[in-house]
K.L.:
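Here you go, one structure.
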Amino acid sequence: MAHATATVDMMHPPAPAERGLDVYNNKLGMWVFLASEVMFFTALIGSYIILRFGAPGPWAPPAKVLNVPVTAFNTFLLICSSVTMVKAYAAVADGETHFLRFRPFSGGLKFWMLATIIGGAMFVGVQAYEYTHLVHHGFLPSGAREGSEVAELVASGVVPAATIGLYGSTFYTMTGFHGFHVTCGVISMTYLYVTKALRGKYSRHDYRGVEVIGLYWHFVDLVWIILFTIVYLI
Amino acid sequence: MTGSRGLRSWLTTTDHKRIGLLYFYTAFAFFLVGGLEALLIRAQLARPNGTVVGAETYNQLFTMHGTTMVFLALMPLSAAFFNYIVPLQIGARDVAFPRLNAFSYWVFLLGGLFLNASWIAGPVFRAGVLNVAPDAGWFGYANLTERQYSPGPNVDFWMLGLQILGVSSLAAGFNFIVTILNLRAPGMKMMRLPTFTWMTLVTQFLVITAFPVITVALVFLMFDRFFGAHFYVPQAGATPLLWQHLFWLFGHPEVYILILPAMGIVSEVLPTFSRKPLFGYTVVVYSGVLIGFMGWGVWSHHMFSVGLGPIADSVFSATTMLIAVPTGVKIFNWIATLWGGTIRGTTALHFAVGFIAMFIIGGLSGVTHASPPADLQQTDTYYVVAHIHYVLFGGTIFGLFAGIYYWWPKMTGRLLSEALGKLHFWLTFIGMNLAFFPMHLIGLLGMPRRIYTYAPDLGVSSLNLVSTIGALLIGVATLVFVVNLWRTRSHGAPAPNDPWGGATLEWAIPSPPPPYNFSVIPTVASRLPRWKTEHHDPMPDPPAAPPAPVHVPGGSWWPPVAALGLPVLALALLTHHLWLAFLGVAIMLYGIYRWAFEPFEI
């Protein structure tokens, strides 16, 4: 790849070789922040495991309460947005900062970053739709709303009554915090897109913002794959 | 953007030295508040059947004393030194993210004020009393903290206040890790870092990994209390031990967050005043790192009495006894540093040696709790209170005072009075042993903690009176210290660059340092750059005036503005006003937005 030799100048701290870790401050800061985020989600998921396996009865079968196919599609959407994030990073590292070029056909930084923003925004949108739907059917953070469809499922024994309250609490807390993270990512990336990418501030000599937001984006994506597996599938 | 004087320059400052001083004064004020709460507790317990305060106020006093001292006094007093001293010790012009640093301070101040506002917020909630301060103990066990058992706003203040303070600690943690790893002067390899900077680095790694855990625990509690979730409700199938595990999973690393900075300070003070390099620098550093790792594997020793079973008890007992090993290694290294040195008995050295002695006592009583059968006798008695005060007062506070006497001349340009300093030390030393040593006996004789009074026939009346007299003595000692600080402003001897003959970089520059710190960034060739060693001559001091103008970034209004959004948001939850929530988010977003668009270069 061309960018391997061209990555110079701004991408390294302007200091003598012995100084620091040879990683610029914002990137190191993001790695440290992600280490903290790992602990945050570990505590969330660990608590979920403790509550679920320490509960007095079985957990509700996810497919009876949640709409798994819709969220599976949403997962696909988020993974695609990670791919477009990588494409954005590779494009700017090669100096391709345009939107679209037709002969030969190629997408540049401005195209792939916009695709990532749209992917993230759609994920949040689908999650908002999912929440509205679930609340409408009576699935609440405190359990089942009286007289609702979910309450009927509980009454008929399809969904265990003993654990429905905990199920609601953990479901909304875990997926809610993840959705909050995606929202923050979309806002930050939109900010970088409008103030930096569209104004031509990124070049193959300096694409720090794209790299740092990319790290965050892949982390949020990875966490979702774990959350989707343990909340929706198991 | 701003001048160097006036209120505005302090509100908008991004200079690590000024932020360090702000941390110091704010945390010291909270230290006095926490001390006052302790004196009220001791006044209540001076005699059996005491009537100074009632049971409810007493609960609030011991909860707020613990919370204040841990989160608003000891941690930020350490942060004052992280801010002021660490960039100087590594030869940097500032921290990696100066505005984030200012944000950390303002969030800390506002979080502390929010928490303490509970003392007078009763009328706002029509509580019928003035004080609605948190009252569930500083580790707030669930499900006592659930709405069903704590219906008032007391626990809300606690849980929201701690979440705000967590934001401050986390932001500072990211900042200092990047600063220490990336902003070292040329030649300052990791194994040439001063010990205090090393211990700061370990502490910050503990902060960024432990605080997310308590944040999750508090978020669960918040959702239970405000949105009807069931995380800690046994009737809904939750296990009541979840809170204890989450809290102590944070809580035990937190113990090392409190003590490691003090250990770092002592490791700087002892070599300077024995005129000898720290004995076994490498071992001291690795012991600190090992303590950081092992601190994650001992949390359940706080929970022996819940009945986790023999296997869990044995494992946590073993790890707890093991963690005493690196701690003991450090103690031997400090003693060996003094051995054969040219000792100068300054106040700073008094506090450092006092730290070693008191911390050994606290450490030994700690090893006795590591044995589950012994612990079952000690849990929830005054014996545990004695232990925590020997390690946190005899340990952390003594270490911090050593740091204050050592670095105050660097921070303000004036030397503290040694005569008043010695008086302060001896009063504190005698006072603390009088106050806390009898608590071992009071506890073993069977007096439980957190009970607002006791009967005369329990046989602990005279020991309690001694303890109260000791607490009063600590109060007098602290007044002597305040007089010393006040007097030094005008009467203190002006401090030269290096009043003590220190080995590290902060002593190479004026006291107090100019805004740019180093006129020329030094190049470091040894672990003790300012001392003559076998292979190296002392480093020449940087020139008095910079050879070329040094750019110093101006201040910024946006960190305090963004910080203001957090307490407004907390207030919205507390008072159930949706418009306040929108206002809080709007303030925060506006602050962050302007912050992001502000031209600001370091």
K.L.:
Checking heavy atoms, do the side chain of A/Thr173, its backbone, both or neither come under 4.5 Å from chain B?
P.N.:
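Its backbone and side chain both get close to chain B.
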
K.L.:
Let's test your reading of the structure: which of A/Thr195, A/Ile164, A/Thr163 forms the most heavy-atom pairs below 4.5 Å with chain B?
P.N.:
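Most heavy-atom pairs within the cutoff with chain B belong to A/Thr195.
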
K.L.:
If we ignore angles and hydrogens, is there a donor and acceptor under 3.5 Å between the side chains of A/Tyr24 and A/Glu211?
P.N.:
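On atom types as modelled, these side chains qualify, holding a pair under 3.5 Å.
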
K.L.:
Does a donor on one side chain sit under 3.5 Å from an acceptor on the other, for A/Trp217 and A/Ser82?
P.N.:
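A/Trp217 vs A/Ser82: no donor-acceptor pair found between side chains.
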
K.L.:
Checking A/Tyr191 against chain B: side chain, backbone, both or neither under 4.5 Å from a heavy atom?
P.N.:
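Only the side chain of A/Tyr191 comes within 4.5 Å of chain B.
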
K.L.:
For A/Phe177, is it the side chain, the backbone, both, or neither that has a heavy atom closer than 4.5 Å to a heavy atom of chain B?
P.N.:
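The answer is the side chain of A/Phe177.
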
K.L.:
Indicate every side-chain donor-acceptor pair of residues 227-240 of chain B with a distance under 3.5 Å to a residue at least two apart or in another chain.
P.N.:
from: B/His230; atom 1: NE2; to: A/Ser142; atom 2: O; distance (Å): 2.8
from: B/Tyr232; atom 1: OH; to: B/Ala217; atom 2: O; distance (Å): 2.9
from: B/Thr239; atom 1: OG1; to: B/Leu241; atom 2: N; distance (Å): 3.2

K.L.:
So which of B/Phe247, B/Phe139, B/Phe316, B/Tyr256 actually passes ring pair (Phe, Tyr, Trp, His ring centres under 6.0 Å) with B/Trp299?
P.N.:
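Among B/Phe247, B/Phe139, B/Phe316, B/Tyr256, the one meeting ring pair (Phe, Tyr, Trp, His ring centres under 6.0 Å) with B/Trp299 is B/Phe316.
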
K.L.:
Side chain, backbone, both or neither: which part of A/Ala55 has a heavy atom under 4.5 Å from chain B?
P.N.:
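Both backbone and side chain.
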
K.L.:
Fit a plane to each ring of A/Trp59 and A/Tyr167, take the angle between them on a 0 to 90° scale, and name the class: parallel (under 30°), tilted (30 to 60°) or perpendicular (over 60°).
P.N.:
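Answer is perpendicular, since the angle exceeds 60°.
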
K.L.:
At a 4.5 Å cut-off on heavy atoms, which part of B/Phe220 comes close to chain A: side chain, backbone, both, or neither?
P.N.:
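Only the side chain of B/Phe220 comes within 4.5 Å of chain A.
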
K.L.:
What part of B/Ala210 is in contact with chain A, defined as an atom under 4.5 angstrom from a non-hydrogen atom: side chain, backbone, both or neither?
P.N.:
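Contact with chain A is absent: no heavy atom of B/Ala210 under 4.5 Å.
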
K.L.:
Heavy-atom distance under 4.5 Å to chain A: side chain of B/Val219, backbone, both or neither?
P.N.:
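Interface part for B/Val219: side chain.
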
K.L.:
Is the gap between the ring centers of A/Trp112 and A/Tyr89 under 6.0 Å?
P.N.:
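No - the distance between ring centres of A/Trp112 and A/Tyr89 does not fall below the 6.0 Å cut-off.
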
K.L.:
Do the rings of A/Phe171 and A/Phe139 sit parallel, tilted or perpendicular, given the 30° and 60° boundaries?
P.N.:
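It falls in the tilted class, 30° to 60°.
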
K.L.:
So which residue, A/Val38, A/Asn26, A/Ile187, ends up with the most heavy-atom pairs under 4.5 Å with chain B?
P.N.:
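Ranked by contacts with chain B, first place is A/Asn26.
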
K.L.:
Please classify the contact of A/Thr170 with chain B as side chain, backbone, both or neither, using a heavy-atom distance under 4.5 Å.
P.N.:
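The answer is both parts of A/Thr170.
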
K.L.:
Under 4.5 Å heavy-atom distance to chain A, tell me which part of B/Phe174 shows up: side chain, backbone, both or neither.
P.N.:
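For B/Phe174, heavy atoms of backbone and side chain both lie under 4.5 Å from chain A.
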
K.L.:
Indicate whether any N or O donor in one side chain lies under 3.5 Å from an N or O acceptor in the other, for A/Glu149 and A/His136.
P.N.:
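No, A/His136 and A/Glu149 have no side-chain donor paired with an acceptor closer than 3.5 Å.
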
